[in-house]
Every structure is written in C-alpha cells, then in structure tokens.
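Encoded as structure tokens, the structure appears first; notes follow it.
It should be emphasised that the depicted structure is a prediction, and the values quoted were computed from it without experimental measurement. Excluded from the calculations below are hydrogen atoms, water molecules and symmetry mates; all remaining heavy atoms, backbone and side chain alike, are included. Numbering starts at 1 and runs along the sequence shown.
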Amino acid sequence: MLNSTGVGSVGGYGDRSLWQGRLAGLRKLDWPLTITVLVLSVVGALLVRSATFQLAVERGDDPEGFLKRHVLNLIIGFALGGVVTVLDYRLLRAYVPILYALACVGLLAVLTPLGSTINGSHSWIVLGGGFQIQPSEFAKVGLVVLLAMILGEPRDGEIGPGRRDVLLALALAGVPGLLIMLQPDLGTTLVFIAVVLGMLAISGAQKRWLAGLVGGGAAAGAAVFFFGLLKKYQIDRFTAFLDPSADPRGAGYNAQQARIAIGSGGPFGKGLFNGQQTGGHFVPEQQTDFIFTVAGEELGFVGAALIVVLLGVVLWRGLRIAGQAADQFGTLVATGVVCWLAFQSFENIGMTLGIMPITGLPLPFVSYGGSATFANMIAFGLLQAVHIRRRPFD
C-alpha cells in the first residue's frame with residue numbers, strides 16, 4: 001500500500017532491494033583473496049615508510065612523503081581493481097585489440113624522446129611532480145588478456161589451440177616483448193616469457209610447442225650473451241649472481257648487502273623502523289626492488305616468512321579461481337595473472353636471497369610504486385571478475 005505521500009512503501013521496498021543486491025554482490029567476492037591483498041598492502045606501506053623515512057630526513061624532504069604517495073597509489077589502485085571487478089570480464093574480448101594497441105603505443109612512446117632512463121632502463125615517461133609511468137607494467141595486463149582471447153577459443157574440431165593460434169599468439173606477444181627488450185628491461189621480459197609458457201601449458205597446446213619454446217629460449221639467451229648483446233650492467237649483474245664476492249664494492253654490492261640485511265634480522269627481527277642496515281641506506285632502492293630486505297631485517301625470519309605465505313595465499317586463490325572459471329577464457333585470464341605474480345614474487349625474493357640474478361622487478365602488493373601498484377591491482381580485479389562470474393549466467 002502507499003503511504004500518505006503515495007510513494008513511501010514503494011521507495012522503501014526499492015531501497016531494500018538495492019541494498020540486498022549490493023550485499024549479494026559483495027558476498028560473491030573472493031574474500032580470502034581480498035583480505036590477503038589488503039594485508040600485504042598495509043605491510044608494504046609500513047615497510048616503505050621504514051625504508052624512506054631516514055633518507056628523507058637527511059635530504060630535508062617530507063619524512064612521510066613516500067608513504068603519502070604510496071597510500072595515494074594504493075587508493076587509486078584499489079579503485080582500478082574495483083572497476084575491473086564489476087565489469088564482465090567476458091566482454092573484454094571485444095576490447096582486447098584496443099588494449100593491445102594501447103600497450104604497444106605506450107612502449108613505443110618510451111623509446112622516443114618522451115622516455116626517460118631510470119636505474120639503467122629506458123622504461124619510464126616522467127610526468128612531473130614526482131610522478132612517472134612505466135608502460136611495461138600495463139603491457140603485462142594487455143599480454144594476459146590477448147593470449148587468453150587467442151588461446152581460449154579453439155577452432156571447430158580442435159580440443160586446444162592449433163598451430164595457427166599458437167603462432168599468432170607468439171607473434172603478437174613478441175611485439176611488446178621486443179619493445180621491452182629494447183629499453184632494455186630484462187626483468188619484465190622474463191615475466192612475459194613466464195606468462196606465455198604458463199598460458200600455453202594450460203590452454204592445451206601441444207607439448208612440442210612448449211619444448212620448442214624452452215629450447216629456443218635457451219639458445220637465444222646463449223646467443224645474446226655470446227654475441228655481447230647485453231648491456232655491461234646486465235652482464236655485471238649475472239656475474240655478481242654467480243659470485244657476489246668477486247666484486248663486493250661494485251656489481252656484487254647490492255646482492256651482498258641484501259643478504260647481510262636479511263641475515264641480521266635473525267628469527268624475530270630488530271623491530272619495525274629499527275633496522276640499522278635500512279636506516280643506514282646500505283641497500284639501494286629498498287622501497288622498491290629490495291623491499292624484502294627491510295622485512296628480513298626488521299621483522300626477521302618470521303615476518304619475512306609471513307609475507308611469503310601471504311603471497312602464496314594470493315597464488316592459491318588465483319589457481320582456485322582458474323579451476324572454477326565458467327569458460328576457458330576466464331581460466332586463461334586467471335592463469336596468466338598467477339604466472340605473472342608467481343614469477344615476479346619468486347624473482348624479487350630470490351634476488352635478495354642470492355638465488356636469482358638481480359633484476360628491476362618490484363614485489364607485488366608490497367613494493368613502493370605507481371604503475372606497478374596499478375597493474376597489480378588491475379590483476380587482482382581480473383581475478384575477482386572471473387571469480388564472481390564463475391557460473392555461466394552470473
């Protein structure tokens with residue numbers, strides 16, 4: 001019935017229906033994944049604050065400047081992830097060519113005078129005001145959805161992707177991969193390789209393709225090294241990885257100091273904001289590439305292991321989402337995200353422990369950064385989008 005105004009009961013019913021719909025949507029989220037990403041982000045913010053506070057004081061800058069920018073990046077990142085979550089990932093097929101083209105345009109722009117070199121890699125476009133964009137981070141998103149579209153739709157009579165599909169996928173993935181190598185950005189190139197191999201394996205492509213890619217990649221790597229196509233600083237990083245003590249004040253300095261910082265933390269660490277190695281700036285780029293050394297020194301083995309466990313939870317939930325996806329496209333999107341985050345986490349932590357060569361890859365959801373944070377949160381949103389539509393008619 002209508003109330004005295006003629007609209008009350010209808011409006012109340014509509015409001016209840018609206019809120020019930022919103023609550024139902026929230027219940028569909030993968031909450032273990034959401035909470036884990038949130039916890040990693042909070043821990044990362046604290047580590048970023050610890051890694052940058054003393055240095056900012058010495059320089060006369062705002063001691064909380066890095067933390068403020070990082071929190072802003074996290075807010076924008078979660079907003080981007082939220083937008084991706086509410087979109088129907090199945091409609092991405094129509095926009096994949098546009099996303100792919102934008103990724104290639106961004107990578108090309110870096111190689112023009114618009115690009116800037118930071119830490120030996122010409123991978124950035126500086127916007128001013130302390131902000132810069134790294135297009136290669138967004139290219140990871142473009143690569144995942146591109147491969148999912150091509151490999152996730154077998155032709156009539158085929159169980160998995162055929163030869164033409166695989167060749168097309170490799171050719172299109174090779175374009176941004178080549179542009180990234182020209183920067184040069186070895187770390188992101190390795191992420192691309194891990195994503196391509198992982199998605200091909202899950203797509204049902206014939207094993208000979210995987211064997212050929214692995215063999216071809218090994219041969220290409222040997223040729224690059226043999227013919228001197230690597231930059232000197234890249235060769236020095238590999239040399240330092242094999243023997244950090246060979247040049248402790250040069251190429252081996254970062255790796256050696258990273259292990260000292262992590263080892264000095266002991267079982268329980270020196271306490272948050274109390275790291276002597278961190279406060280003394282013995283390890284460079286501690287807020288980005290070497291953020292794990294801050295955790296090792298200040299939180300100890302227990303705290304560092306907890307971060308590894310949390311990252312493992314993210315990967316586990318991602319694999320679970322891939323296994324429950326409504327279609328092959330969703331399975332491949334989730335698989336590509338998992339391969340991306342898994343390799344990047346292993347490489348970042350491994351280089352601080354001395355079991356992997358040093359590359360410029362940040363730790364997902366933990367390291368300071370703008371472009372990397374945005375890309376990681378978009379990947380998080382993709383996982384959620386696949387999860388909440390795991391039933392075909394959701």
Item to check | Contact list for residues 321-333, test salt bridge (Lys or Arg N to Asp or Glu O under 4.0 Å), sequence neighbours left out | outcome: Arg93-Asp327
Checklist entry - If you count the non-hydrogen atoms of other residues, nucleotides and ligands that lie under 6.0 Å from CD in Gln276, is the total more than 12? => result no
Item to check | Donor + acceptor pair across side chains of Ser264, Gln277 (<3.5 Å) | outcome: no
Next on the checklist: Taking the six-membered ring of Phe273 as reference, does the cationic atom of Arg49 (NZ for Lys, CZ for Arg) lie under 6.0 Å from its centre and within 45° of its axis?
Outcome noted: yes
Next on the checklist: Considering only residues two or more places apart or on different chains, which pairs with a residue in residues 58-82 satisfy ring pair (Phe, Tyr, Trp, His ring centres under 6.0 Å)?
Outcome noted: Phe66-Tyr368, His70-Tyr368
Item to check | Side-chain heavy-atom pair Asn73, Phe374 within 4.5 angstrom cut-off | outcome: yes
Checklist entry - Under the salt bridge (charged side-chain N to carboxylate O under 4.0 Å, His left out) test, which residues partner Glu137, sequence neighbours left out? => result Lys140
Item to check | Residues that Arg320 engages under salt bridge (charged side-chain N to carboxylate O under 4.0 Å, His left out), provided they are two or more places apart | outcome: none
Checklist entry - Is any side-chain heavy atom of Trp209 less than 4.5 Å from a side-chain heavy atom of Leu167? => result yes
Item to check | Residues that Asp61 engages under salt bridge (charged side-chain N to carboxylate O under 4.0 Å, His left out), provided they are two or more places apart | outcome: none
Next on the checklist: Tell me if a side-chain donor or acceptor on Gln384 pairs with a main-chain N or O of Asp30 at a distance below 3.5 Å.
Outcome noted: yes
Next on the checklist: Consider side-chain contact (heavy atoms from CB on, under 4.5 Å). Of Ile321, Thr85, Val337, which one does Val386 pass it with?
Outcome noted: Ile321
Checklist entry - Do Phe343 and Ile193 touch side chain to side chain, with heavy atoms closer than 4.5 Å? => result no
Checklist entry - Can you find a side-chain donor-acceptor pair between His281 and Gln54 that sits under 3.5 Å? => result no
Checklist entry - Can you list the residues that meet the side-chain contact (heavy atoms from CB on, under 4.5 Å) rule with Val71, with sequence neighbours excluded? => result Leu67, Ile75
Checklist entry - Taking side chain as C-beta onward, heavy atoms only, is Gln328 less than 4.5 Å from Leu332? => result yes
